[in-house]
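So the structure is just underneath, and the comments pick up after that.
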Amino acid sequence: MIKKTKQFLSSLMLIELLKGMLLTGRYFFARKITVQYPEEKTPQSNRFRGLHALRRYANGEERCIACKLCEAVCPAMAITIESEEREDKTRRTTRYDIDLTKCIFCGFCEESCPVDSIVETRILDYHGESRGDLIYTKEMLLAVGDKYEKQIAEDRAQDERYR
Amino acid sequence: MDALMTSVFGLWGPSIAKTFWILLKIVAVVLPLMISVAYLTYFERKVIGFMQVRIGPNRVGYFGLLQPIADALKLLFKEIILPTASNKVLFFLAPVLAIAPAFAAWAVIPFDLNLVIADIDASLLYILAMTSIAVYGVIIAGWASNSKYAFLGSLRSAAQIVSYEIAMGFTLVGVLMCANSLNLGKIVMGQAGGFWHWYVWPLFPLFIIYFISAVAETNRAPFDVAEGESEIVAGFHVEYSGMAFAVFFLAEYANMILVSMLAALMFLGGWLSPIPFIPDSFLWLLIKVAFLLFCFIWFRATFPRYRYDQIMRLGWKIFIPITIAWIVFIGGMMQTSWGYLFH
């Protein structure tokens, strides 16, 4: 009975509601934690899995040997590889497409690669302006690799002892 | 020619001049109102942002100050989609019916002593009538859209507005008993002489109930079941886009400012300053209204949406009994020797 009266009085006096308003009122003056994206960015791990890249050796030879392990392991079946024998009798890809609209950025391709050729970079803000722009071909992936090789190598070196 | 003009002016001059003067006064009220509606949306986004530890819009202009103008431009250029199965006349009539009373009610709002478009004796009744008409806009919008969501939303909104209007009407009765007048200017002047003379104090429960009912009347959170986006998409204005949607939006915010203005006039002494030796000014009214609007937004940032049956329970089983009891109580007190406390 006393409990019920107490409850009745506290709901009549809007106690709980005032407590809630006090809380939001306190947060009104709290320090804001918004990250203003293009100017500010959140810290990124060196293991960040963003846009893919195909790497080359220092002498300019592409690393990929068309073993197709990444194609086999890809859970989203986003990778399509065709290969041929090159003039110097080595096996190389003639086609290496990643459909980024299918990709789930799990990083399995990078883990499966025996020669560290396919990697995922820190790049996260790429875009396409028409249908098909996000199907990355071998040339595009190699271009990404060439452009960001320094960063890619640095991140791999940092992670070396865990690999 | 000159003779003709002078004769026309002689014949029509005074009446035309009078019409022009009235139009000018209307513009002088509606234009600042539109601008304050636009900036109320900005204020709302900023305040809610701050309470959610964000910073709110800050990209368009300094501190995002041009954001409402950008929003208005966007809505202006958007296509107005007319649903095939809708009732075309009513579909376009509904936004007009929603906004016209919201603006018309401002005709009797006094901004300062004698600073009012129409100083009529029954101004409080006029406002009550005007805000009641606004519900037709919502009902017609929901019905003319010929959509289930819109129809459900308008039904909810209609039931809610009608129920809370009763509680709201009773709180106004309390004010009338204190002020002995239906004229808003006289109601404000009845509270002259410092903040301890304001009607909030003798009518405190009625003030709280008035303000909560006002939140419910304007379909604002936590009473926004009429447009509960998690249940019925957007309620009565699902089918509206572009400027037609913007007009509903405008009406909602104009109503918010109107009910805050009424609360400030009836309970918080309108343009009167809280301490007698500080001059009374329109600025006091602005400060009071701004604070009440801040509370509206504060509620929205704090409370989750009410369940529909709880809204009805609150309106009928709690607010109406409390208001009636308090009216009887002040009526009784006025007959005793403490009656001066209630005038």
Side-chain angles (χ1 to χ4, degrees), chain A residues 1-51 100-101 104-105 121-134 148, chain B residues 43-60 62-64 167 204-213 215-216 220-223 290-307 310-311 313-314 317-323 325-326 329:
Chain A
M1 183 63 199
I2 292 168
K3 202 179 159 196
K4 267 204 164 161
T5 326
K6 246 183 166 171
Q7 199 184 358
F8 173 76
L9 278 178
S10 78
S11 65
L12 192 68
M13 299 295 162
L14 311 174
I15 303 285
E16 300 285 326
L17 299 184
L18 290 176
K19 273 185 192 165
M21 286 178 71
L22 210 66
L23 188 76
T24 44
R26 253 205 317 276
Y27 272 100
F28 184 74
F29 298 104
R31 214 170 62 82
K32 305 298 171 255
I33 56 171
T34 306
V35 176
Q36 304 216 35
Y37 168 63
E39 293 94 31
E40 299 170 19
K41 284 179 181 169
T42 45
Q44 247 180 352
S45 162
N46 60 331
R47 296 177 181 181
F48 189 87
R49 300 195 299 262
L51 180 64
L100 289 173
T101 51
I104 57 168
F105 300 93
T121 63
R122 288 167 175 246
I123 306 161
L124 67 141
D125 40 8
Y126 56 90
H127 75 293
E129 287 176 8
S130 63
R131 193 176 282 262
D133 273 7
L134 287 179
Y148 297 102
Chain B
F43 182 61
E44 174 169 32
R45 292 172 66 179
K46 270 287 185 197
V47 168
I48 290 184
F50 267 57
M51 285 181 178
Q52 294 168 349
V53 210
R54 301 183 283 116
I55 48 177
N58 71 337
R59 292 280 146 173
V60 195
Y62 288 104
F63 306 106
F204 191 71
L206 295 189
F207 171 66
I208 298 296
I209 286 175
Y210 171 82
F211 200 58
I212 297 174
S213 306
V215 176
R220 295 283 307 171
F223 300 99
F291 174 72
L292 292 173
L293 286 172
F294 178 78
C295 286
F296 262 89
I297 294 161
W298 197 354
F299 293 157
R300 186 177 160 195
T302 308
F303 304 132
R305 187 177 296 135
Y306 257 97
R307 206 171 64 203
Q310 289 174 330
I311 290 181
R313 181 173 157 271
L314 185 70
K317 286 177 151 178
I318 298 173
F319 281 1
I320 294 177
I322 291 179
T323 42
W326 201 258
F329 172 71

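So that the names make sense, note that chain A is the first sequence line, chain B the second, and so on, each numbered from 1. Note that the structure is a prediction, hence the values are computed from the model and not measured.
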Legend entry - Largest heavy-atom contact set with chain B, pairs under 4.5 Å, which of R26(A), E39(A), R31(A):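 Option with the greatest count: E39(A).
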Inset, instruction - Pick one of side chain, backbone, both or neither for L17(A), based on which atoms fall under 4.5 Å of a heavy atom in chain B. - result: both
Inset, instruction - May I ask you to check whether F294(B) and F28(A) place their ring centres under 6.0 Å from each other? - result: yes
Inset, instruction - Establish, yes or no, whether a centroid distance under 6.0 Å links the rings of F299(B) and F211(B). - result: yes
Legend entry - Crowding at CD, Q7(A) (>12 non-hydrogen neighbours, <6.0 Å): no
Legend entry - Heavy-atom contact with chain A under 4.5 Å, split by part of I322(B): side chain
Inset, instruction - Select, from I55(B), V47(B), N58(B), the one with the greatest count of heavy-atom pairs under 4.5 Å involving chain A. - result: I55(B)
Inset, instruction - Using distance alone, with no hydrogens and no angle criterion, decide if Q310(B) and R305(B) have a side-chain donor and acceptor under 3.5 Å apart. - result: no
